[in-house]
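Everything on this sheet refers to the single structure shown next.
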Amino acid sequence: MEEKKRYTITAALPYANGPLHLGHLAGAYLPADIFVRYLKAKGNDVAFICGSDEHGAAITLRAKKEDCTPQEIVDKNHEIIKKSFADFGIDFDIYHRTSSKLHHETASQIFKDLYDKGSFTQETTNQFFDQEHQQFLADRYVTGTCPKCNSAGAYGDQCEKCGSSLNANELINPISTLSGKTPVLKETTHWFLPMNKHEKWLKTWIETGILDGKQQHDPTKWRKQVIGQCKSWIDNGLQPRSITRDLDWGVKVPVEGGEGKVLYVWFDAPIGYISATKQWAADNSKNWEDYWKDSNTQLIHFIGKDNIVFHGIIFPIILKEHGDFILPTNVPANEFLNLEGDKISTSRNWAVWLHEYLEDFPNKQDELRYVLTSIAPETKDSEFTWKDFQARVNNELVAILGNFLNRSIVLTHKYFEGKVPEQGVLTDYDNQVLQAIISTQNRVDELIESYRFRDAQTEAMTLARLGNKYLADTEPWKLVKTDETRVKTILNVSLQLCLGLSEIFKPFLPKTSSRIKQFLNATNETVLTNQHQLNAAELLFQKIEDEAVEAQIEKLKNPTVKQSNPKAKPMKEEITFDDFTKMDIRVATILAAEKHPDADKLLKLTVDTGIDIRTVVSGIAEHYKPEDVIGKQVSMLVNLAPRKIRGIESKGMILMAENNEGSLAFISPEKAMDNGGEVK
RNA sequence: GGCGAGGUAGCUCAGUUGGUUAGAGCGCCGGAUUCAUAACCCGGAGGUCGAGAGUUCAAAUCUCUCUCUCGCUACCA
């Protein structure tokens, strides 16, 4: 890559309803940062773009729960997230936010442009509105009496008794399942993106990289899972997707009839990349359009695998349909990072939070960067354990890289007062070592350009290994007694290698790289000259002690609040006794059981509730065989509205306890009870 | 059930278009060494590449079947 190019690099916008954890860093931000640092070092013109994604229903719900405004929620989290990035050296050119005025204007304008072009379809319907919750209800949140067969418990979209499909507004005595009250009918209009119209060019573009007859990118450079998942969606047929919502938190819909509606988050969030670029360009006297509308610019989205279809299908449709905009050259999506044998979970607090890591391991951000890159989930899910973290820091950063630096510099101080000794006559071995600096740099460059950051970093560490081997083979501490000239050459070569290492590790370990330069008293030199005075070296890395990792494991398993099961979900919102008494839970006996003919997870049960004998469909087939449950006494919610499940009407619900791993157990009375006995 | 991605040494993972005795790091065993944070360096053991069948002179690599794991999806009220 001799030619300088322009790049727009984005990293997935973090959702501002909580802080960042290890998985975020390993999945998107660290690889993006390494890539950007590499590109910038090569002199390319790069805009590294990110920001907080601050809209969506989840944030309004959290605000309700914490009794504050959505703005307060996102303000708080935006700052925490922004600080974590800064602390870990994720060096965005701008970290913007979607609640900004500029973003609202940008997203609004793009929506309007598309609207004016007729890119959307529009549908106005009467929908039920829950006045207590002040929100529109999806059809399945409304129940009532079927107008055709008069049976109770029909759903907004279908009566499962008589099988006729309905509109929610045909129901007699409609009830909101949210509040239990009667909703009112209100007219609402929504806009849809007819993705189905774009299937053809998308398929060609994904499979061949050809767009409008031109080779736009090389699909062999895309990761398998990205192409696989996009193709899977396209081949299954794309559906029109609603892109507006009846909500009051977000970007207002800027067209007639849009009052009280906002753009759906996944429409507005990726546009955040564009608005952030605009802000950055304005702040730095650049033209943002160079970064989004010039076909020579490479647009690259770093994301986690949960985001593949948005960046591989939906956002490209928006960009292409709008015109002008370029499409991504690549979407290097990572898989997921697991933690100590279990998937990372925010709600169960099974996570290592970045801001807490730095409290426990101050100034050790490069250590974490190193470990996360060496286990980066590039091709499959991978696993972070504290024991492995300790081993990699101690055996690689401390023992290989730190040790080599320290040996070279300490020996130079010891024998030559810290001045770079003359290179003298080079042996074949010396030349091989010097040559290895260049060849390693080249290999690392190639690997980074192929988005293989893990392998690239391994190559870099291999060069440090060579340094240790070189010293072990040449033994300057012995030779110093007999052949000082030779020792000079050896240490000169070692120090050149140190300088080379600081350069090669720069994208991966920016802080360490500059510390090495400081030890070497070097700034922009590519070679250390004779008699160049070095600074005193400190240890680059400290060992991680057993106690420190044990404390982390302990913290994970027994978090601040003493609870016997750290993986237990948090308590739900408080309810009243009246709420509880609405539920009619009874002892019942399973009389018969068979597998549901059309579903994997379902059993069709016949139960004696004491009141009647009825059919219940229950999702326990993966945990119990039919013959094992017959005769069991269980607890059952008997007054739950009936519902047809996979074609069989189910009346009531068997109560089950769930284990951490998701296995189920019945809630049975500890001695035989009469069927129909109340549970209270 | 449908779709996608995986199943390679004790552990974490590489193996690009099928081609000599299947690799790395850690761990383990042995050796060497002392400049260095008991660090480094050298050597060794360890794998019927998830199972079975097929294509081929040749398969971890291609095809089919089965099986297990992860993700999306339908159904889990």
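Nothing here was measured: the structure is a model prediction, and the numbers come from that model. Residue numbers begin at 1 in each chain, while the letters A, B, ... track the order of the sequences.
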Rounding to an integer number of Å, can you tell me how far [X] [atom1] sits from [N] [atom2]?
X        : N     : atom1 : atom2 : value
A/Ile544 : B/A39 : CD1   : P     : 15 Å
A/His311 : B/C72 : NE2   : P     : 17 Å
A/Leu401 : B/A39 : CG    : P     : 17 Å
A/Glu340 : B/C11 : CD    : C1'   : 13 Å
A/Met461 : B/U12 : CE    : P     : 21 Å
A/Glu335 : B/A5  : CD    : P     : 10 Å
A/Ile654 : B/C76 : CD1   : P     : 15 Å
A/Leu337 : B/U12 : CG    : P     : 13 Å

Given the [atom1] atoms of [N] and [M], what is the spacing between them in whole Å?
N     : M     : atom1 : result
B/C11 : B/U55 : P     : 35 Å
B/G18 : B/A58 : P     : 15 Å
B/U8  : B/A22 : C1'   : 9 Å
B/G19 : B/C62 : C1'   : 14 Å
B/C57 : B/C41 : P     : 47 Å
B/C72 : B/C64 : P     : 26 Å
B/A32 : B/C42 : P     : 16 Å
B/G10 : B/G47 : P     : 7 Å

Between [options], which nucleotide gets closest to the side-chain atoms of [X]?
X        : options             : answer
A/Ser618 : B/A39, B/A77, B/C13 : B/A77
A/Ile400 : B/A14, B/C41, B/C75 : B/C41
A/Lys380 : B/C26, B/A14, B/A77 : B/A14

The residue among A/Thr489, A/Asn492, A/Asp430 that forms side chain to side chain donor-acceptor pair (under 3.5 Å) with A/Gln423 is A/Asn492
- [ ] Report the residue from A/Glu335, A/Lys380, A/Glu378 that forms a side chain to side chain donor-acceptor pair (under 3.5 Å) with A/Gln225.
- [x]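 Between A/Gln225 and the candidates, side chain to side chain donor-acceptor pair (under 3.5 Å) is satisfied uniquely by A/Glu335.
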Encoded 5' to 3' (Watson-Crick or G-U under 3.5 Å; [ ] crossing; | other strand), RNA chain B becomes (((((((..((((.....[...)))).((((.........)))).....(((((..]....))))))))))))....
Q: Could you tell me whether A/Lys224 contacts a base, only the sugar-phosphate backbone, or nothing, with contacts defined as non-hydrogen atoms closer than 4.0 Å?
A: sugar-phosphate
- Message: Please classify the nucleic acid contact of A/Thr462 as base, sugar-phosphate, or nothing, using heavy-atom distances under 4.0 Å.
- Response: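 Nothing, no nucleic acid heavy atom in range.
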TODO: Report the residue (A/Lys305 or A/Ser374) whose heavy-atom-nearest nucleotide on RNA chain B is the more 5′ of the two.
DONE: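 Going by which nucleotide is closer to the 5' end, it is A/Ser374.
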On RNA chain B, more 5' by nearest nucleotide between A/Asp381 and A/Lys469 is A/Lys469
Side-chain touch A/Leu497/A/Leu463, heavy atoms, less than 4.5 angstrom: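 When only atoms from C-beta onward are counted, A/Leu463 and A/Leu497 do touch, with a gap below 4.5 Å.
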Determine whether A/Glu340 and A/Thr385 make a side-chain contact, defined as any pair of heavy atoms from C-beta on separated by less than 4.5 Å.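 In short, these two side chains touch, coming nearer than 4.5 Å.
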| message | Whether A/Arg392 contacts B/U12 is assessed here as follows: a side-chain N or O lying under 4.0 Å from the phosphate OP1 or OP2. Is that the case? | response |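 Answer is no, no contact under 4.0 Å.
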Hey, is the side chain of A/Lys644 poking within less than 4.0 Å of OP1 or OP2 on B/C75, counting only N and O atoms?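 No.
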Query raised in the report: Using 30° and 60° as the class limits, which term best fits the ring planes of A/Phe389 and A/Phe384: parallel, tilted or perpendicular?
Result: tilted
In terms of ring plane angle, is the pair A/His217 and A/Trp205 parallel, tilted or perpendicular, where the classes change at 30° and 60°? perpendicular
request  = Going by the side chain to side chain contact (heavy atoms under 4.5 Å, CB included) test, name the single residue among A/Ile590, A/Leu655, A/Val607 that passes it with A/Met636.
outcome  =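 Going through A/Ile590, A/Leu655, A/Val607 one by one, the side chain to side chain contact (heavy atoms under 4.5 Å, CB included) with A/Met636 is satisfied by A/Val607 alone.
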Which of A/Ile648, A/Val616, A/Ile645 passes side chain to side chain contact (heavy atoms under 4.5 Å, CB included) with A/Lys604? It is A/Ile648
5' to 3', nucleotides 31-37 of chain B under a 4.0 Å protein heavy-atom cut-off (B base, S sugar-phosphate only, - none) gives ---SBBB
Under 3.5 Å, which donor-acceptor pairs do the side chains of residues 392-403 of chain A form with other protein atoms, sequence neighbours left out?
residue	atom	partner	partner atom	Å
A/Arg392	NE	A/Asp388	OD1	3.3
A/Arg392	NE	A/Asp388	OD2	3.0
A/Asn394	OD1	A/Ile544	N	2.8
A/Asn394	ND2	A/Ile544	O	3.1
A/Asn395	ND2	A/Ala391	O	3.1
A/Glu396	OE1	A/Tyr370	OH	2.5
A/Asn403	ND2	A/Ala399	O	3.3

Of all heavy-atom pairs linking A/Pro332 and A/Arg223, the shortest is C-NH1, 3.9 Å
Ionic contact status for A/Asp235 with A/Lys231, cut-off 4.0 Å |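 Looking at A/Lys231 and A/Asp235, the cut-off is not met.
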